[in-house]
Student: 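Can you read through this structure? Questions will come right after.
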Amino acid sequence: HSFKHQNQVGSVTLHKIMKGIIKQSFSINLRLMGAFGLYPPETSGFLYKVQAYFLYSAFTLPIPILGTLYFILDEEINAALDGNAFLIVEMACQITKLFTFIRNGDKIRKCIHYFEKPFFANYTDKQKKIIDRCSRICRRNSIIFLVSIIGGNIFWATRPFFSKEQKFPVDVWFPYNPMAGTKIFYSVYLFLVMGNGYSSMACAAVDPLIGGLACLAAGQLEVLKDNLQHLNEYAGKESEKLSRTGFCGKIKKSRIIYSKIHDCIDHHNAILKFVNNYEECFSSAVFSQFLGSTLVICFCCLQLSKVQPMSYNFFSMISFLSVFLAQIYIYCYYGTVLFEESNTLTNAIYMGRWYEYDVKSRKALVILMERSKKPILITAGTILDVSVGTFTM
Amino acid sequence: MSPQMMKFKVSGLVADLMPNIRLIQTSGHFMLHYHADNSGALHTLRLGYCCAHLVFMLLQYGSNFVNLIFERGDVNDLAANTITVLFFTHCITKFVYFAVRSKLFYRTLGIWNQPNSHPLFVESNNRYHALALKKMRQLLYIIVIWTSFSAIAWTSITFVGDSVHNIKDPDNENETITEEIPRLLVKGWYPWNAMSGMPYYITLIFQIYYVFFSLAHANLLDSLFCSWLIFACEQLQHLKEIMKPLMELSASLDTYVPKSADLFRAPSATSQDNLIESDYNAKNEELKGVYSTRQELGGHFRGGALQNFGGGGVGPNGLTKKQELMVRSAIKYWVERHKHVVRLVTAIGDAYGVALLLHMLTSTIMLTLLAYQATKITGVDKYAATVLGYLLFALAQVFHFCIFGNRLIEESSSVMEAAYSCHWYDGSEEAKTFVQIVCQQCQKAMSISGAKFFTISLDLFASVLGAVVTYFMVLVQLK
């Protein structure tokens, strides 16, 4: 259609604005992940992969393995469960989670930058507000998460200093006696703190990123809904513009409406493709997080029932519990947001003035509505739905 | 009458729900709109009235809570006091929730201020409106009677039986003795000695006021929510009813194949009977006027039946220009009215969803504890009566809004069946695509959700009831 050309002219200027959206929303996350070797740069060489694997094996693997060894070799199981189990389980689930990032780095990178394609660059000022709101939410979430995880780490690392005897924040098995000298003691302590810090900071970067991508997709759906609801007005504005520029040949409004529906369907398809990509990349990470979190929450609650209320231990357990709950809540909440937005697509079409369109456009809309009947449901490992219902369960 | 006192006009939902609104305002909720005279002095007075209620409620609630902390030694007392505290948490939550989110409530009440109308469907609209009004009044009576009955029952049961509690014997650590406590409706801690005399009577009256007004706060808001749902359901019934005449209005004659004998019969009133059901005609006098124009154009009808569009003013669907305009305007009325109902339901969900979520959270914990208390019932005495009373009241509250939420779901999903069961195959192409889009939209039923965590329906009530019975059975076995 010849009047499509008019659209392209307008969209070139918006092109530059679009590229910044990912940087705008996720700058903190991506920088942190890059430092930890979880986010490959544009041209990642072999050296980068080596560095990533080294960091991963140095910090993520040892602590859970040593902790499990301690648990197995120690005679008293009950004492071993005390205070350690939840941390060991949490770090164990990080193993699988962070491994996906290192192995599929390139695919994940493509997924993250999906929304920078020029296709998504076509929107009005009102819709820009929606997208800006989404990126603000992503940034806010990342900051809150980072701050609380740093606080939690400091809490946890300084906890042994409050107890009477000299011990580590988490009991692990060593082939030699680490209490032998102050230098060895402190170097082991430092190693434990660094290991825990690596995996928890990686978490703090990754979790808001996964949630934020779902939020951006939901924002795109909102833009699509806005387009569908106001098809009439936007088509009217365009036909006005065309008749003003003296475009020869009277283009009927119905043809404009039909071509707009065409664009909306392309947009819908692009969003659906993104969600497929997203699920492929992150499904296993989210699944391992769910598994780990369920066990961790059980252990935390067990601890809570044994500890004196209103003591330091009690408050620290409560704060750990809330951090772990918040971790899976961020996935579930944005999964539900995506689900709800896709469910209300039909509503948005219905709320427009569809009874004034011609029969051809109406039939196209019906097919769109038929597709949107199947809502967008993200699954974790194809077993669990990522939604608030799973969270309450 | 002073010239300043303008006539205070209310319309839409506010006019229908005026008794509810007045009761809510009397009970002290922060509903400060909808008064004829809203000048500065009266406004401050009303605000002061509401704040006074809030302060009294919070004081008594605080006293309950303090008593809970003091009596936490004994497990039985702890359980009983926790149940009381949770029970009144509902009421405080609803009170504070309304004060904080009153804007959303005003918006929902104002949504139906300018409904559209169409001359053909006015009668049906009025009939269902009157039906909704009747049901809303009935609900209000039932709620008021139930609340008063509960408050009176609570007060009277206080004066039955002993007013004691068990504390540890100061002489012998292992035994408990009974000590007398004031005979009041709820156990509370007071800085004065409320055993007898003047302080006792004042405390008693204060507690009667507290119980009655708390119950009223919670129940009146719930009944406001349910009245909204009743209204939405009746509007959906109205839309379902007018679907059939709408399709018949647009019945095109190139799809209507007449019997060959009809082609040669002179136009008469009886030949139109194939299109209209006789009982419908009895209901709607206005439509007769429309159909009579068809009668006048009987000659054109013949032309249309034989696919002859040469005749003046007959469009591609076999309808005259006037009829097409009429059909289009009727479709527009139907769709806009349906959209209005969807907007109303969304506003109701936004306004009350979080309150329902909080209600269900407190209810779940309270019902679990009540199941535990119920296992300790030994006979028909005051204890059994109070436990059963709490249980029935809590379940009735949940049932109250579940049943109306369920009705909304059923009504909205049956719109599609109504669209299918009308003679859509007789309609024009435009009317058929209209039915298609309506069916697509109505496949997903409109429902109220508790802030997206769960849907308000009878399934929810059944699961709550099932959970209580399960806990009770398990605890009885464990005893």
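Quick note on labels: first sequence line is chain A, next is B, and so on, each numbered from 1. Just so you know, these numbers use all the heavy atoms, side chains as well, and skip hydrogens, waters and symmetry mates.
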Student: Rounded to the nearest 0.5 Å, what's the gap from CD on B:Glu430 to CD on A:Glu356? Could you check?
Tutor: 10.5 Å
Student: In terms of heavy-atom proximity below 4.5 Å to chain A, should B:Lys339 be classed as side chain, backbone, both, or neither?
Tutor: both
Student: Heavy-atom distances under 4.5 Å only: say whether A:Asp358 touches chain B with side chain, backbone, both or neither.
Tutor: neither
Student: Taking everything shown except A:Lys273 itself, do over 12 heavy atoms lie less than 6.0 Å from its NZ?
Tutor: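 At most 12 heavy atoms, drawn from other residues, nucleotides or ligands, come within 6.0 Å of this atom.
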Student: Where the side chain of A:Arg362 meets the backbone of B:Gln436, is there a donor-acceptor pair that is under 3.5 Å apart?
Tutor: no
Student: Do B:Lys444 and A:Asn347 have side-chain heavy atoms sitting under 4.5 Å apart?
Tutor: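 No, every pair of side-chain atoms sits at 4.5 Å or beyond.
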Student: As an exercise: rank A:Val366, A:Asn343, A:Ile349 by heavy-atom pairs under 4.5 Å with chain B and give me the winner.
Tutor: A:Val366
Student: With under 30° as parallel and over 60° as perpendicular, where do the rings of B:His338 and A:Tyr350 fit, or are they tilted in between?
Tutor: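 Geometry flag for A:Tyr350 against B:His338: perpendicular rings.
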Student: Would you say B:Val335 and A:Trp354 make side-chain contact, with heavy atoms under 4.5 Å?
Tutor: yes
Student: For B:Ile331, is it the side chain, the backbone, both, or neither that has a heavy atom closer than 4.5 Å to a heavy atom of chain A?
Tutor: side chain
Student: Is A:Glu370 in contact with chain B via its backbone, its side chain, both, or neither, using a 4.5 Å heavy-atom distance?
Tutor: both
Student: Within a reach of under 6.0 Å around OH of A:Tyr333, are more than 12 heavy atoms found that belong to other residues, nucleotides or ligands?
Tutor: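 No, not enclosed.
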Student: State whether the number of non-hydrogen atoms from other residues, nucleotides or ligands found under 6.0 Å of B:Tyr471 atom OH is greater than 12.
Tutor: no
Student: Would you say that more than 12 heavy atoms from the other residues, nucleotides or ligands in this model lie under 6.0 Å from the OH of A:Tyr355, or not?
Tutor: yes
